[in-house]
Amino acid sequence: MPDKKEIINLLEDIADMMEFKGENIFKVNAYRNGASSIRKAGEDIEQLIKAKKLDEVKGIGKGLQSVIYEYVNTGKSLLYEELKKSVPEGFKELLKVRGLGSKKIKILFDELGISNLGELEYACKENRLGLLKGFGEATQQKILKEIEKIKTYGKFILLNKAGEISDEILKRLSGLKPVLRIAVSGQERRGLEIISELRFVLAVSDKRLFLSELKKIFSFSELTSNLSGKEKGNKILISNGFQVPVIFSILEEENNFCKEMFLTTGSDEFLSGLKIDSSKITGKNEKEIFDSINFPYVIPEMREKEYFEIQNRVLHDKNKELLENSDLSVDHFKGLLHFHTNYSDAQNTLTEMLETAQKTGFEFAAVCDHSKSAAYANGLSEERVLLQKEEIKKLNAKFKLQILQGIESDILQDGSLDYSNDFLKNFDFVVASVHSRFNMEEEEMTKRIIKAVENPYTNLLGHPTGRLLLSRDAYKVNMEKVIDACASNNVAIEINANPHRLDLDWRLIYFARGKGCLFSINPDAHSAEEISYIKYGVLIGRKGGLKFEEVINCFSVEDFRNYLGDKRKGKSLGRRS
DNA sequence: GCCGTTTTCGGCCCGACTGTTTTCAGTCG
């Protein structure tokens, strides 16, 4: 049976294709709304489908039900198949170009016969778009730029996607008989925010047997370039359409496992910065390996090219000998901050989110739904904020974990938040985030955000640069000035742990720490499942060398309440150490 | 196509931005 995600994709694809064909826009939106109803319906939607009870779901009427049931029963949809025939073959990839919607794609298809990304690029370079109605030179240039971006983005995957692929590979290979040991190495082990290659280290008892077993699962080729003698033929490249290369280092002796892990975790710049003779590296674990090269142990996440650069700065500034390792782990987390519920645009109810939070081991939680000006996300009017407050009161009596009421308040164009200061008093915790007007000039955007940071009720600056990895650039903003403002106004900085964001960028964490800022690592969860995103934020925090005392989620609930209380009283509260 | 209901059909989120065109269509969040 197709899963929930496939059904959502089906309905959204149908909507896009109908729009291309010029169907009534309200009919198109009915399919879009249907997809969003399914998305918000929680995991039991698959049960509802099995029990043929889709009519209980708001937004799924007779028409959509028959499409979904047909798809579930036959694995196909006639409507979908029919529509597919009338759109260009590369319709979906064309839709990925920012600025192109179905209307413009239709013009391109009808007038110039453009049916995929390659043809579009060619037509732009031939300067053929300017002649079309609604298109001009600026559009043509913008499209070319977007195509360039799409090509670059295509070489990377997000950290969570990398995790999915790795898990699958580990699952398949750890069951093979000759495999003695296998581990993830490389960029993923370093917790890099976008991944261009996956690496594994394997120790096997019998390489020939292993390769013949491997052939049954993956197709692969041996990598022999830049290798010599004994190493030759020990690296193989799996080519099974994983979007990024997957490289295995295969060892026939288990005792070199850690050395190979060390050498493949990298990065290349970090390793060469150590200035070591790799033949002298020995050790049963990585601590011993660092001992053998006479260099203090560095955690995998911090082994980046920036390491020496930052170390030099730290050495120079603070007279410290070496950069300290991060000690942060998910085990330190007590507070779940910044998550959403179906009060605004998330899938799960407040109760469901809290149940998961409690089960995960959190001691307190601050729900932060969208605020009133976020109409696209069903943001909370003042009235609904108070309704939620009532529910929280009741739930606090039921739950062991303490529940606070927060809000993710939109930063308006002029830098004010979208509730009055008088009303903001209602919240225990205020996250201020930019969700609109991303295209301001740097100076204006910087002023806007600093004004929000200076609001006496702001506790946290949410996803500070607004970037969406492999999709949307950060807005233009002077982060150094913003960080200064956060430091002097006791506003913590978010490390948004959603794998699409991972924002604040870890490279800026060092700078912010130097200013004495505190941080908050948050899943920005829009479903109970997404609470687990915290693990990606922890990797990013570790890359930034964070100590757990610098992360407000790791405070005890008393310390957290005091921290918030002190801010309200206007007391200065810097880094706790 | 879905919903709500004055049960037979009208309204569907909406405002801002961009690049066009010269008052607006298309896209986006």
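First the proteins, then the strands, lettered A, B, ... as listed; each starts at 1. Computed over heavy atoms, backbone and side chain alike; hydrogens, waters and symmetry mates excluded. Predicted model only: the values in this text are computed from it and were never measured.
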Assign [X] to base, sugar-phosphate, or nothing according to its heavy-atom contacts below 4.0 angstrom with the strands shown.
{"X": "A/T139", "answer": "sugar-phosphate"}
{"X": "A/E19", "answer": "nothing"}
{"X": "A/K133", "answer": "nothing"}
{"X": "A/N439", "answer": "sugar-phosphate"}
{"X": "A/I60", "answer": "sugar-phosphate"}

With rounding to whole Å, what would you report as the distance between [N] and [M] at their [atom1] atoms?
{"N": "B/dC9", "M": "B/dT23", "atom1": "C1'", "value": "33 Å"}
{"N": "B/dA16", "M": "B/dT20", "atom1": "P", "value": "22 Å"}
{"N": "B/dT5", "M": "B/dC12", "atom1": "P", "value": "15 Å"}
{"N": "B/dC2", "M": "B/dT21", "atom1": "P", "value": "38 Å"}
{"N": "B/dG1", "M": "B/dT8", "atom1": "C1'", "value": "16 Å"}
{"N": "B/dT27", "M": "B/dC13", "atom1": "C1'", "value": "15 Å"}
{"N": "B/dG11", "M": "B/dT6", "atom1": "P", "value": "15 Å"}

Residue pair A/D414, A/S416: steps toward the side-chain hydrogen bond (donor to acceptor under 3.5 Å, both in side chains) verdict: CA-CA 6 Å; A/D414 67 352; A/S416 54; 2.6 Å; yes

Which one, [options], comes nearest to the side chain of [X]?
{"X": "A/Y31", "options": "B/dT27, B/dG19, B/dG1", "answer": "B/dG1"}
{"X": "A/A138", "options": "B/dC3, B/dG29, B/dG19", "answer": "B/dG19"}
{"X": "A/K104", "options": "B/dT27, B/dC3, B/dG1", "answer": "B/dT27"}
{"X": "A/A30", "options": "B/dG1, B/dC28, B/dC17", "answer": "B/dG1"}
{"X": "A/R437", "options": "B/dT27, B/dG29, B/dC17", "answer": "B/dC17"}

From [atom1] of [X] over to [atom2] of [N], roughly how many Å is that when rounded to an integer?
{"X": "A/L64", "N": "B/dC3", "atom1": "CG", "atom2": "C1'", "answer": "13 Å"}
{"X": "A/Q140", "N": "B/dG19", "atom1": "CD", "atom2": "P", "answer": "14 Å"}
{"X": "A/K476", "N": "B/dC17", "atom1": "NZ", "atom2": "C1'", "answer": "13 Å"}
{"X": "A/R32", "N": "B/dC28", "atom1": "CZ", "atom2": "C1'", "answer": "11 Å"}
{"X": "A/L412", "N": "B/dA16", "atom1": "CG", "atom2": "C1'", "answer": "13 Å"}
{"X": "A/R472", "N": "B/dG29", "atom1": "CZ", "atom2": "C1'", "answer": "8 Å"}
{"X": "A/D410", "N": "B/dC13", "atom1": "CG", "atom2": "P", "answer": "19 Å"}
{"X": "A/D524", "N": "B/dG29", "atom1": "CG", "atom2": "P", "answer": "15 Å"}

Are any of the side-chain nitrogens in A/E442 or A/K481 under 4.0 Å away from the carboxylate oxygens of its partner?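 No, this pair does not count.
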
Any ion pair linking A/R507 and A/D505 (charged N to carboxylate O, less than 4.0 Å)?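 A salt bridge is present here (some side-chain N lies under 4.0 Å from a carboxylate O).
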
Starting from the 5' end of DNA chain B, give me the residue, A/L100 or A/Q413, whose nearest nucleotide shows up first.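 Its nearest nucleotide lies further toward 5', so the answer is A/Q413.
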
On DNA chain B, nearest-nucleotide positions of A/R98 versus A/F135: which is more 5'?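 Per heavy-atom nearest nucleotide, the more 5' residue is A/F135.
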
Pairing nucleotide - B/dT8, Watson-Crick or G-U, each distance under 3.5 Å: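 B/dT8 is paired with nothing.
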
Set out, in order, the CA-CA distance, both residues' side-chain angles and the distance that settles side-chain hydrogen bond (donor to acceptor under 3.5 Å, both in side chains) for A/S520 and A/N553, then state yes or no. CA-CA 6 Å; A/S520 183; A/N553 309 68; 3.1 Å; yes

At their closest point, which heavy atom of A/Y563 faces which heavy atom of A/N490, and how far apart are they?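 In terms of heavy atoms, the two residues are closest at OH-O, 4.0 Å.
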
Measuring to OP1 and OP2 of B/dG26, would you say a side-chain N or O of A/K103 lies under 4.0 angstrom away?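 It does, given that an N or O in the side chain of A/K103 lies less than 4.0 Å from OP1 or OP2 of B/dG26.
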
Please lay out, stage by stage, how A/D345 and A/H526 fare under the test side-chain hydrogen bond (donor to acceptor under 3.5 Å, both in side chains). CA-CA 7 Å; A/D345 62 344; A/H526 283 69; 3.2 Å; yes

With side-chain hydrogen bond (donor to acceptor under 3.5 Å, both in side chains) as the criterion, how do A/E408 and A/H463 come out once you've worked through the C-alpha distance, each side chain's angles and the decisive distance to 0.1 Å? CA-CA 11 Å; A/E408 184 179 20; A/H463 43 74; 3.3 Å; yes

